[in-house]
Amino acid sequence: MKTIGVLTSGGDAPGMNAAIRAVVRTAITLGMNVKGIRSGYSGLIHDDVIDLDARSVSDIISRGGTMLYTARSKSFMTEEGMMTAVETCKKHGIEGVVVIGGDGSFRGARDLSVRGIPCVGVPGTIDNDIASTEYTIGFDTAMNTAVEMIDKIRDTAQSHHRCSVIEVMGRHAGYIALQVGIATGATAILVPELTVDLESVVKKIIAVEKTGKKHFIIVVAEGVGGVDKIAAYIQEKTGIDSRATVLGHVQRGGNPTVRDRVRATQMGSAAVHLLYNGVGNRVVAYKKGEIVDFDIYEALNMTKSFDEGMLEVAHETAI
Ligand code: F6P
């Protein structure tokens with residue numbers, strides 16, 4: 001391949017810029033040209049394509065967000081939209097595309113691949129909810145941001161003897177909630193993968209209160225939601241003053257951690273090597289300490305199980 005494209009799609013994640021940088025510089029090192037496709041697949045529909053060189057990606061390794069912008073494109077999902085995307089690739093001489101994003105973005109990569117433009121997916125989402133990989137770019141930074149915020153909330157909860165019910169991101173997944181809950185010593189962690197039992201949460205708070213504990217952190221994944229109602233319920237049943245906080249998009253921004261920068265660089269580089277060797281319709285993944293890759297169809301059919309053992313550890317230590 002002489003020319004490849006790179007795009008970011010779906011929700012942005014800290015470390016996407018580091019991945020773009022790795023894609024651009026690896027491709028140039030291997031003698032290829034790189035085009036940046038802006039605002040995800042929508043850039044292929046609206047012909048928003050720019051030339052990228054080694055200097056275009058200077059000073060972005062440390063920055064959150066994505067210099068290529070991102071979007072969730074509805075028009076790409078039609079046959080007409082996909083054919084327009086293929087035409088845009090041909091017009092710019094783009095022979096393969098690196099797609100940085102989540103499962104939805106990988107489905108787009110599969111659709112472009114079957115229409116003659118080989119694509120390689122790089123997992124980028126703060127949710128860490130892609131089955132084919134143990135790690136997605138942005139997860140570590142988002143968790144560290146959430147922990148920093150909850151540590152601050154703990155100070156005030158502790159001062160007032162309150163219960164703080166805190167929503168972290170994860171519309172369909174509780175992976176952020178699980179690890180953030182452990183790292184902040186939460187009394188309870190509520191995730192969409194498991195049945196929510198508020199009565200047990202109340203029982204636990206009452207039991208722990210009897211041992212002298214006076215402030216409580218309850219971490220709730222976005223997919224469970226209803227933190228206001230949960231806080232009101234806890235207050236009603238325990239008599240403990242309770243407050244709800246939704247952390248929201250603060251978790252999606254900020255400078256990526258070392259882990260995110262390094263994984264993003266490794267995965268971006270691996271994706272380019274695949275295209276360089278003429279291999280498309282693949283996704284890059286992190287498994288057992290190594291960067292590997294899978295067929296996109298295979299990857300999209302994989303399922304990820306929730307680590308209930310880790311939740312048990314959280315439960316046993318939050319007393
Ligand atoms: O997929 C990442 C994520 O941040 C989810 O945790 C969240 O539910 C969703 O994106 C929110 O998306 P947006 O802010 O783009 O509507």
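Heavy atoms only: backbone and side chains are in, while hydrogens, waters and symmetry mates are out. Ligands are counted one by one from 1 in listed order, and the atoms in each one are counted from 1 as well.
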Is it the case that Asn144 and Thr141 place a side-chain donor and acceptor less than 3.5 Å from each other?
no
May I ask you to check whether Ser73 and Ser42 show a side-chain donor-acceptor distance below 3.5 Å?
no
Do side-chain atoms of [X] reach the backbone of [Y] as a donor and acceptor pair under 3.5 angstrom?
| X | Y | answer |
| --- | --- | --- |
| Ser113 | Pro118 | no |
| Glu193 | Gly174 | yes |
| Arg25 | Ala54 | yes |

Which atom names give the shortest non-hydrogen contact between Ala270 and Ile291, and what distance separates them?
CB-CG2, 3.7 Å
Are there any protein N or O atoms under 3.5 Å from the N or O atoms of ligand 1? List them with distances, or say none.
from, atom 1, to, atom 2, distance (Å)
ligand 1, 1 (O), Asp127, OD2, 3.1
ligand 1, 4 (O), Arg252, NH1, 2.8
ligand 1, 6 (O), Asp127, OD1, 2.7
ligand 1, 6 (O), Asp127, OD2, 3.1
ligand 1, 6 (O), Gly170, N, 3.1
ligand 1, 8 (O), Glu222, OE1, 2.8
ligand 1, 8 (O), Glu222, OE2, 3.0
ligand 1, 10 (O), Arg252, NH1, 3.0
ligand 1, 12 (O), Arg252, NH1, 3.3
ligand 1, 14 (O), His249, NE2, 2.4
ligand 1, 14 (O), Arg252, NH1, 3.3
ligand 1, 15 (O), Arg72, NH1, 2.6
ligand 1, 15 (O), Arg252, NH2, 3.3

